[in-house]
Amino acid sequence: MDISMTSIGERIKNRRLELGLTQTDIYQACGISSGALSKIENGNRTPSVLSFYELSKALKCSMDWLTTGFSSNEQIPEICQKEEELLEGFRKLGEEDQYEIMEILAMKLRKVKRDGRKMEKLCNLTGEDDDTMIG
């Protein structure tokens, strides 16, 4: 694992280019001038913790990934408001209630899978696709 300003700068630059962002875009998002960003990307300057945090937000990646190239929370998709409320409510429950919720979820997922297979069999029997409209 290479933790040097040169490797951090390379990750910042590569991620910025991957997202199609210019140094001006970073300035608008973080307040880091293009000259300062160029020095950071070339490994000649260390950003402040606040600037580093703002960079991670603008580059849509974690600070640990920018630092090390690895992240403990890679591949975590953004969640919608409904999912956020579910998670928040779930965390407020006791362990027994959480277990009960997990059982209900497993039951619902089995039902969805079973219903999907029923629909697939029905479509195969009639020779029709799900998209076919009748009438």
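Within the model, atoms CG of Leu66 and CD1 of Ile8 stand 8.0 Å from one another, a figure rounded to the nearest 0.5 Å. Atom OG1 of Thr6 and atom CZ of Arg11 lie 10.5 Å apart (nearest 0.5 Å). The CG atom of Leu86 lies 8.0 Å from the SG atom of Cys80; values are rounded to the nearest 0.5 Å. Distance SG/Cys30 to CZ/Phe52: 11.5 Å, rounded to 0.5 Å.
Minimum heavy-atom separation, Ala58 to Leu21: O-CD1, 3.8 Å. Shown here for Pro47 and Ile40, the closest heavy-atom pair between the two residues is CB-CD1, 3.7 Å.
One hydrophobic cluster, built from ILVMFWY side chains closer than 4.5 Å, holds both Leu55 and Leu19. Tracing side-chain contacts under 4.5 Å through hydrophobic residues (I, L, V, M, F, W, Y), one never reaches Leu17 starting from Ile32; they form parts of separate clusters.
For Met102, the CE atom counts as loosely surrounded, since its 6.0 Å shell holds 12 or fewer non-hydrogen atoms of other residues, nucleotides or ligands. Atom CZ of Phe90 is surrounded by more than 12 heavy atoms from other residues, nucleotides or ligands within 6.0 Å. Atom OH of Tyr27 sits in a sparse spot, with 12 or fewer heavy atoms from other residues, nucleotides or ligands closer than 6.0 Å.
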Can you give the donor-acceptor pairs under 3.5 Å from side chains of residues 103-114 to other protein atoms, not counting sequence neighbours?
{"unit_1": "Glu103", "atom_1": "OE2", "unit_2": "Tyr99", "atom_2": "OH", "d": "3.3"}
{"unit_1": "Lys111", "atom_1": "NZ", "unit_2": "Asp115", "atom_2": "OD2", "d": "2.9"}

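Applying the salt bridge (charged side-chain N to carboxylate O under 4.0 Å, His left out) definition to pairs two or more places apart or across chains, none involves residues 26-37. The side chain to side chain donor-acceptor pair (under 3.5 Å) analysis of residues 29-47, with sequence neighbours excluded, yields the pairs Arg16-Glu41, Gln23-Glu41, Ser38-Asn42.
Between Lys57 and Glu54 there is a salt bridge, since at least one side-chain N of the basic residue sits less than 4.0 Å from a carboxylate O of the acidic one.
Here Glu88 pairs with Lys92 under the salt bridge (charged side-chain N to carboxylate O under 4.0 Å, His left out) rule; sequence neighbours left out. For Glu84, there are no salt bridge (charged side-chain N to carboxylate O under 4.0 Å, His left out) partners two or more places apart in sequence or in a different chain. Under the side chain to side chain donor-acceptor pair (under 3.5 Å) criterion, Glu100 pairs with no residue at all, not counting sequence neighbours. Not a single salt bridge (charged side-chain N to carboxylate O under 4.0 Å, His left out) links Lys60 to another residue, sequence neighbours left out. Listed by chain and residue number, nothing satisfies the side chain to side chain donor-acceptor pair (under 3.5 Å) test with Glu95 (two or more places apart in sequence, or in another chain). Partners of Glu85 according to the side chain to side chain contact (heavy atoms under 4.5 Å, CB included) rule, which considers only residues two or more places apart in sequence or in another chain, are Gln81. By the side chain to side chain donor-acceptor pair (under 3.5 Å) test, Asp25 is found to be paired with Thr22, residues two or more places apart in sequence or in another chain being considered. By the side chain to side chain donor-acceptor pair (under 3.5 Å) test, Ser51 pairs with Ser48, sequence neighbours left out.
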